[in-house]
Colleague: 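Structure in structure tokens, see below.
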Amino acid sequence: MLSYILRRVLYAVPIIIGVNVITALLFFYVNTPENMARKILGEKNVTPSAIENWKQDHGYNLPPFLNVKEKGLSVVTQTIFFQKAVPLLWFDFGRSDRNNIDIGSEIKTRMWPSLAISLPMFTAGVFIDLFFAMLLAYYRGTRFDISAVVFCVMMMSVSTLFYIIGGQYFLGKLLKLFPISGFDTGVHSAKFLILPVVVGVISGAGVGIRFYRTVFLEEVSKDYVRTARAKGLSEGKVLFKHALKNAMIPVLTNVVVSIPFLFYGSLIMETFFSIPGLGNFTIDAIQSQDFAIVRSMVYLGSILYIIGLILTDISYTLVDPRVIFE
Amino acid sequence: MQEVRKPIYFKTPLFLALFFVTAFVSSCTSNNPYRESESSENILYTTFVEPPKHLDPAKSYSSDEYEIIGQIYEPPVQYHYLKRPYELIALTAAAMPMPAYFDAKNKRLADGASPEKVVRAVYEINIKKGVMYQEHPAFAKKNDGRPMYNALAKKDLEGIENISDFPFKGTRELTADDYALQIMRLADPLIESPVLPILEKYILGLKEYSDALRADLARVRNARKKAAGTSYNQTIDERTNPIVLEYKKHSLPGVQAIDKYTYRIILKTKYPQFIYWLAMPFFAPMPEEALSFYAQGALAGKNITLNRFPVGTGAYMMEKFNPNMEIILLKNPNFNHEAYPVEGEKGDAEKGLLKDADKKLPFIDKVVFKLEKEAIPRWNKFLQGYYDSSGISSETFDTAVSVGDSGRAELSASMKDKAIRLLTSVRPSTYYAGFNMLDETVGGYSIEKQKLRQAISIALDFEENIEIFNNGRGVPAMSALPPGIFGRLEDEEGINPYVYEWDAKKKRANRRSIDYAKKLMAEAGYPDGRGKDGQPLVITFDNPWTGPDFTPIINWYAKRFNLIGIQLENRTTDYNRFQEKMMKGSFQFFSWGWNADYPDPENFFFLLASAGGKVKFQGENVANYSNPEFDALFKKMENMNNSPERLSIIKRLNATAQKDAPWVWGYHPVAFGLYQGWLDNVKPNAMANNELKYYRIDAVKRKALRVRWNSPVYWPVAVVVAVIAAGIVWTALSARRKRR
């Protein structure tokens with residue numbers, strides 16, 4: 001298993017380099033350092049010399065990928081790509097282009113609010129989706145099942161924004177049960193989390209319930225389920241004891257791969273609920289064309305994705321003894 | 001061994017459902033976004049929409065940043081809070097600085113001296129004695145007099161996230177050296193002050209000083225690069241080993257600290273508007289101790305920098321800087337050099353704005369700025385009483401404001417019920433549409449081209465635009481000058497005769513008719529909007545309006561152009577492409593805006609001076625307007641004191657620009673602000689940025705109203721719980737039936 005993991009980690013290296021190259025290419029050819037400077041320096045008095053000075057002070061005066069003016073290794077090292085992307089390999093995220101903050105320190109700080117909202121939202125979401133999916137599988141083919149599926153499709157068709165604004169309006173403004181938005185530190189953050197978590201769980205329920213229902217239905221039509229029923233087991237036992245265990249592989253594929261991304265937070269949810277997490281951080285960076293932060297977050301995203309995939313593979317061995325790493 | 005059977009609800013997911021429902025219901029407590037312990041405190045709650053980029057007074061140049069640093073840093077002068085038109089008064093200066101003018105022979109000239117004769121303008125500024133800085137760790141000293149926090153390492157900063165976390169603090173008296181140091185900082189290339197290019201033109205030796213510092217910086221960087229060789233990485237190198245430039249290595253003749261309380265700024269020319277610059281944070285004092293303190297790399301690693309934690313003498317000081325959530329300012333206990341104004345504008349006393357006259361400032365103990373990016377949550381929390389003031393977005397305008405019988409905007413009944421007040425003020429800004437004067441079709445200075453642009457100016461009915469897209473919150477522009485700026489004329493004297501006619505009976509300006517515009521089009525060589533070749537005139541419209549909200553505005557422009565037979569081709573691009581097009585001059589018609597730095601006509605007319613042409617000089621004259629007559633008048637007017645002569649030149653400037661019509665003059669926005677009934681001493685001041693010290697809060701009244709407005713409604717939750725419970729019971733019974 002160790003060698004398998006090592007192999008997967010090594011496979012990840014070219015992927016990470018590729019992600020970095022593509023991010024840099026996109027940024028430099030869609031959005032030049034001059035554009036970044038202009039956006040960051042503001043609207044007034046942005047002279048060409050101010051732009052040049054900004055580029056120089058932030059290390060964007062070098063060529064993007066190859067510095068033909070230099071000799072030897074410096075041809076590669078004295079480039080924007082090398083100077084900005086290579087330190088990422090040892091998680092040196094550097095400083096933001098926009099306001100010179102330490103990105104690593106900011107990620108560490110913002111990770112917790114993101115987790116505070118995404119972890120309960122994810123956990124509650126998975127359990128509620130699984131519960132209702134099993135319930136629908138239990139009542140498969142009945143009017144209850146059909147109307148619930150129609151309802152799920154309706155829920156899927158509605159934008160997340162609708163749930164957010166509706167939740168804020170109904171639960172925050174009309175019923176006055178929760179703060180409409182905001183955040184606080186420590187235990188004081190609890191009251192700010194309920195509304196986004198409720199909204200997040202409801203907005204994702206349509207997709208989740210339908211997905212897990214399909215998984216369970218596929219499972220309950222298999223031979224071993226028929227055997228269990230023939231043995232005289234109750235439908236509940238068949239479903240919750242036998243079918244649930246065997247449906248774990250697709251469930252885990254969906255769940256475990258998402259776990260690392262919980263650190264990343266939710267882009268829209270954090271913005272609307274003023275949660276100071278990493279999702280908000282990324283949106284701000286994109287809007288303000290802060291390449292240093294965008295590059296760091298894309299890099300972090302690719303690492304988390306790879307970790308998620310490896311974790312998923314490992315989790316298969318826990319639920320299915322037939323899966324062996326070679 | 002006997003198996004202990006657990007109750008069924010522990011085994012089934014029903015338990016989880018019950019758990020979440022119970023947790024949900026039990027958590028329904030209060031919508032108060034603040035801690036209960038704060039509810040009676042003398043705190044002002046307000047918002048910020050995006051985290052401020054910089055709080056360094058040498059670098060900050062946006063209104064959201066000024067809203068914070070304006071309370072902390074104190075330049076020598078400030079705008080009078082109540083008087084209109086805007087008037088400057090001394091702040092830390094002992095008296096208003098008056099320039100002394102000198103000719104080439106160093107002979108003192110009269111105050112009204114002609115700008116051509118002036119080769120030196122000297123501002124000698126005396127500051128008040130006994131003004132103390134806020135308590136700050138930068139001033140903390142050991143017994144031997146050395147700084148308490150020197151050469152800090154990472155381990156020394158455990159548990160420290162804010163300046164307020166440092167156990168030892170100190171203070172000291174404000175000195176003239178601090179002001180001189182700050183002006184030197186404006187030239188520091190590592191700071192990238194946005195006003196350096198402007199000030200270099202005026203402050204004696206600033207350009208040379210700035211060049212010398214940049215040369216120093218280049219020298220240090222080259223030396224480091226040479227030493228590091230291939231592995232040199234400028235960003236990492238300067239992060240671990242920051243470059244600190246020695247300001248005193250070079251001389252700056254235009255800035256001199258004469259004694260502890262006096263400093264002098266010498267300008268190369270007469271520039272009366274310089275006094276307005278002295279009211280901006282760029283000219284606030286900077287103690288050397290703060291620079292040494294923040295130069296420590298370990299602090300930067302924790303994001304504790306001057307960019308985030310200002311050090312000032314103002315009414316407030318930074319307590320907590322968490323730009324992702326909240327920024328908290330506390331009353332500066334060392335602030336004791338200012339009292340509430342004793343006089344104001346006519347009518348201020350009747351409005352209760354002078355009842356705190358001569359009382360010591362500030363009145364509020366703490367100011368909390370909450371990050372609130374989205375307009376709807378911000379608005380709803382204002383309605384719930386959790387914010388003390390609010391702007392009005394287009395989405396919420398109809399809820400807040402209705403047009404009364406008199407045609408004036410009034411508060412809606414629901415706002416009046418809450419005793420919310422509406423205060424309006426014309427902003428010193430202008431939103432305009434412009435033509436590229438370098439373009440062959442719409443540019444140029446012939447009579448035909450003038451008529452073409454005048455016809456378009458008539459067709460673009462900005463009265464309608466303001467009504468439709470801005471809920472009437474704007475004043476149609478007759479020239480570049482908004483109301484309240486010297487040179488702005490009202491009524492018949494102030495109209496743009498090429499676009500409006502004066503209705504003497506109704507005493508108002510009426511926009512000229514579309515028929516008249518069509519006549520102008522015909523005289524311009526485009527009868528019915530068609531050129532000599534019979535083809536319709538097509539004009540491209542460049543803008544950065546990418547969102548769906550802008551589609552109706554773009555359609556409105558197209559519709560209005562179409563009225564005089566012109567086809568408008570929209571070319572919306574993202575902001576970067578738009579800027580590039582403006583820079584290269586590859587556009588015909590565009591939309592733009594300008595917020596004044598200071599209330600002087602020079603700060604508007606320079607937008608049309610050829611020396612600031614966007615294409616040639618990358619300046620702020622985006623239309624690339626270049627009329628020698630206008631330039632000559634502008635040159636004469638820009639450095640004059642306000643006088644009848646200056647007014648007559650302004651009239652000629654207006655007449656010239658109105659005839660050439662490089663802009664469709666657009667409108668001047670009117671800010672609508674809503675203020676809760678418990679917030680007193682509020683008067684919108686578009687130029688001042690330190691007004692929080694004048695505000696007063698009735699926290700007891702606020703607490704009572706918040707409780708009344710925010711009583712939770714539980715019954716819908718009870719209904720939902722009952723429905724879920726019924727569903728669970730039905731499911732269980734149904735399952736049992738199925739089993740049987």
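Order of the sequence lines sets the chain letters (A, B, ...), proteins ahead of strands, with each chain counted from 1.
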Colleague: Counting only heavy atoms closer than 4.5 Å, note whether A:R98 contacts chain B via side chain, backbone, both or neither.
Modeller: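 Its backbone and side chain both get close to chain B.
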Colleague: Are a donor atom and an acceptor atom from the side chains of B:E200 and B:S210 found within less than 3.5 Å of each other?
Modeller: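 A donor-acceptor contact under 3.5 Å links the two side chains.
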Colleague: Measuring heavy-atom distances to chain B, does A:S96 have an atom under 4.5 Å in its side chain, in its backbone, in both, or in neither?
Modeller: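 Contact with chain B: none, neither part.
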Colleague: Any salt bridge between B:K53 and B:E65, counting N to O under 4.0 Å?
Modeller: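 A salt bridge is absent here (no side-chain N lies under 4.0 Å from a carboxylate O).
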Colleague: If you tally heavy-atom pairs under 4.5 Å against chain A, which of B:N595, B:L196, B:T230 wins?
Modeller: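 Heavy-atom pair counts peak at B:T230.
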Colleague: Among B:Q618, B:K381, B:H54, B:E580, which residue has the highest count of heavy-atom pairs closer than 4.5 Å to chain A?
Modeller: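 When all of B:Q618, B:K381, B:H54, B:E580 are compared, B:K381 has the most.
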Colleague: What class does the angle between the rings of A:F291 and A:Y60 fall in, given that below 30° is parallel, 30 to 60° is tilted and above 60° is perpendicular?
Modeller: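 A:F291 vs A:Y60 ring planes: tilted.
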Colleague: At a 4.5 Å cut-off on heavy atoms, which part of A:L135 comes close to chain B: side chain, backbone, both, or neither?
Modeller: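 For A:L135, side-chain heavy atoms alone lie under 4.5 Å from chain B.
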Colleague: So what's closer than 4.5 Å to chain B heavy atoms on A:Q287: side chain, backbone, both or neither?
Modeller: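 Interface part for A:Q287: neither.
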Colleague: Answer yes or no: is there an ion pair linking A:D57 with B:R221, defined by an N-O contact shorter than 4.0 Å?
Modeller: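 Yes, charged N to carboxylate O under 4.0 Å.
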Colleague: Would you find more than 12 non-hydrogen atoms of other residues, nucleotides or ligands less than 6.0 Å from B:K320 atom NZ?
Modeller: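 Yes, enclosed.
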Colleague: Heavy-atom cut-off 4.5 Å, strictly under: side chain, backbone, both or neither for A:Q78 against chain B?
Modeller: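 Side chain only.
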Colleague: Compute both the distance and the angle, then confirm whether B:K370 meets the cation-pi test with B:Y387: under 6.0 Å from the six-membered ring centre, within 45 degrees of the axis.
Modeller: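 No.
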Colleague: If I measure from the heavy atoms of chain B, does A:F192 come under 4.5 Å with its side chain, its backbone, both, or neither?
Modeller: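 Just the side chain, heavy atoms under 4.5 Å.
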Colleague: Indicate yes or no: does B:D211 engage B:R214 in a salt bridge with an N to O separation below 4.0 Å.
Modeller: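 So B:D211 does not pair with B:R214 through a salt bridge.
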Colleague: Go through the atoms of A:E70 and report whether side chain, backbone, both or neither lie under 4.5 Å from a heavy atom of chain B.
Modeller: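 Contact with chain B: side chain only.
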Colleague: Can you tell which of B:R35, B:Q234, B:M325, B:K373 has the highest number of heavy-atom pairs within less than 4.5 Å of chain A?
Modeller: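 Of the options given, most contacts go to B:R35.
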Colleague: Heavy-atom cut-off 4.5 Å, strictly under: side chain, backbone, both or neither for A:F144 against chain B?
Modeller: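 Contact with chain B: side chain only.
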